Amino acid sequence: MSANEKFTSLLDRIAKTIINSDAKTVVEALELKSDEGTVNDDIINVTATMGEKISLRRFAKVTKSDNEVFGKYIHMGGKISALCLVEGTDENVANDVAMHLAAMNPKYVDRDSVPGSVIEEESKVLKEQAINEGKPAEIAEKMVQGRIGKFYSEICLLDQEFVKDPSVKVGDLIKSQGAEMVAFARFEKGEGIEKKEENFAEEVMKQLQ
């Protein structure tokens, strides 16, 4: 078995083990029982045979009902993978949303999903920027309210312009189908490790042409 086949087999075993468990964290997942003892033991064994460091850093479990559909998009063989759960529509729409997720990397579904602490911190930064621009405090406060709207459009999926048609927001696209966004997960290779910035929206669109 080649190194790639060993790694793929390991991923398959880990995925099946996690899906069939109640694990919610990486620590819990690593302690799950497997044919090798635990998932962590399995990873250590494959690491030893391949000679490359392997670690489980994150995972997401998404469960759907009969009225919900999965949308999925895998970019460049797994460089970016996105999964979304949409209620009341078909896979074509859901897959379009997943493609958008891969390209635009929203952090939250909608404004209600954004923690208050995130908005407070961003508001503080924006206010400081406005004051540094020489604006009076009361004017700076009004500027913050306007700029927070732009911040939402950057981090909230439903507020973002749809990558395939910027004249339409993702929220309006989903609403026009009589559908509702339920959840999503997006993983990017090296995320949280590599700091190199790339224009993935442009990359994804090139793949569509």
Side-chain angles (χ1 to χ4, degrees), residues 24-25 57-62 68 70-73 75 79-89 93-206 208:
K24 294 180 175 61
T25 67
R57 294 180 55 230
R58 54 197 171 153
F59 67 88
K61 292 171 65 174
V62 183
E68 297 169 340
F70 285 128
K72 58 184 181 297
Y73 186 84
H75 180 60
K79 189 172 185 178
I80 306 175
S81 297
L83 176 73
C84 66
L85 184 62
V86 186
E87 180 180 4
T89 189
V93 173
N95 286 339
D96 271 350
V97 174
M99 180 272 296
H100 174 94
L101 286 166
M104 302 309 294
N105 192 20
K107 304 302 181 185
Y108 307 96
V109 171
D110 54 24
R111 298 187 180 199
D112 292 337
S113 304
V114 184
S117 59
V118 172
I119 298 302
E120 288 175 11
E121 181 61 28
E122 182 65 16
S123 297
K124 180 181 177 181
V125 171
L126 292 174
K127 187 172 183 177
E128 289 177 354
Q129 289 176 351
I131 291 176
N132 290 337
E133 291 170 6
K135 307 297 182 182
E138 62 274 13
I139 299 299
E141 191 65 40
K142 292 180 180 179
M143 292 176 65
V144 167
Q145 297 308 311
R147 292 177 177 178
I148 280 294
K150 183 177 184 298
F151 180 62
Y152 278 126
S153 70
E154 294 171 350
I155 65 172
C156 297
L157 171 64
L158 301 187
D159 279 273
Q160 290 183 334
E161 295 177 349
F162 182 41
V163 70
K164 289 176 68 175
D165 182 3
S167 69
V168 179
K169 288 188 176 182
V170 175
D172 293 332
L173 170 69
I174 294 174
K175 187 176 180 180
S176 71
Q177 302 295 317
E180 182 177 349
M181 187 69 196
V182 180
F184 71 81
R186 179 189 185 277
F187 290 145
E188 182 179 320
K189 183 179 179 181
E191 194 170 34
I193 300 177
E194 297 177 357
K195 299 301 180 182
K196 181 180 177 182
E197 294 185 3
E198 299 181 50
N199 191 333
F200 288 116
E202 184 177 309
E203 233 180 87
V204 170
M205 290 308 295
K206 285 181 180 179
L208 296 174

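Owing to the predicted nature of the structure, the values given are computational and were not obtained by experimental measurement. Throughout, numbering of the chain's residues begins at 1 and tracks the sequence.
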Report the distance from atom [atom1] of [X] to atom [atom2] of [Y], rounding to the nearest 0.5 Å.
| X | Y | atom1 | atom2 | result |
| --- | --- | --- | --- | --- |
| K175 | L158 | NZ | CG | 11.0 Å |
| N95 | L101 | CG | CG | 11.0 Å |
| K107 | C156 | NZ | SG | 12.0 Å |
| E141 | S123 | CD | OG | 7.5 Å |

*Which residue, L173, L85, I174, T89, forms the side chain to side chain contact (heavy atoms under 4.5 Å, CB included) with M181?*
I174
*Report the C-alpha distance between D172 and F162 in whole Å, list the side-chain angles of each, state the deciding distance to 0.1 Å, and finish with yes or no for side chain to side chain contact (heavy atoms under 4.5 Å, CB included).*
CA-CA 9 Å; D172 293 332; F162 182 41; over 6 Å; no
Side chain proximity check, [X] to [Y], heavy atoms < 4.5 angstrom:
| X | Y | result |
| --- | --- | --- |
| I80 | K189 | no |
| I119 | Y152 | yes |
| Y108 | P115 | yes |
| V97 | F184 | no |
| K169 | D159 | yes |
| V62 | F70 | yes |

*Answer yes or no: are there more than 12 heavy-atom neighbours, outside E68 itself, under 6.0 Å from its atom CD?*
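For E68, atom CD is crowded (more than 12 foreign heavy atoms under 6.0 Å).
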*Considering residues, nucleotides and ligands other than K124, do more than 12 of their heavy atoms fall under 6.0 Å from its NZ?*
no
*asked:* Quick one, E122 with I148, criterion side chain to side chain contact (heavy atoms under 4.5 Å, CB included). Give me CA distance, side-chain angles, the key distance, then yes/no.
replied: CA-CA 8 Å; E122 182 65 16; I148 280 294; 4.0 Å; yes
Is there a donor-acceptor contact under 3.5 Å from the side chain of [X] to the main chain of [Y]?
| X | Y | answer |
| --- | --- | --- |
| R57 | E191 | yes |
| H100 | V163 | yes |
| R186 | A102 | yes |
| Q160 | E154 | yes |

*Is the closest basic N to carboxylate O distance between R147 and E133 below 4.0 Å?*
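Yes, charged N to carboxylate O under 4.0 Å.
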[X] to [Y] - nearest heavy-atom pair and separation:
| X | Y | value |
| --- | --- | --- |
| A98 | A82 | O-CB, 3.4 Å |
| L157 | V170 | O-CB, 3.3 Å |
| A130 | A140 | CB-CB, 3.7 Å |

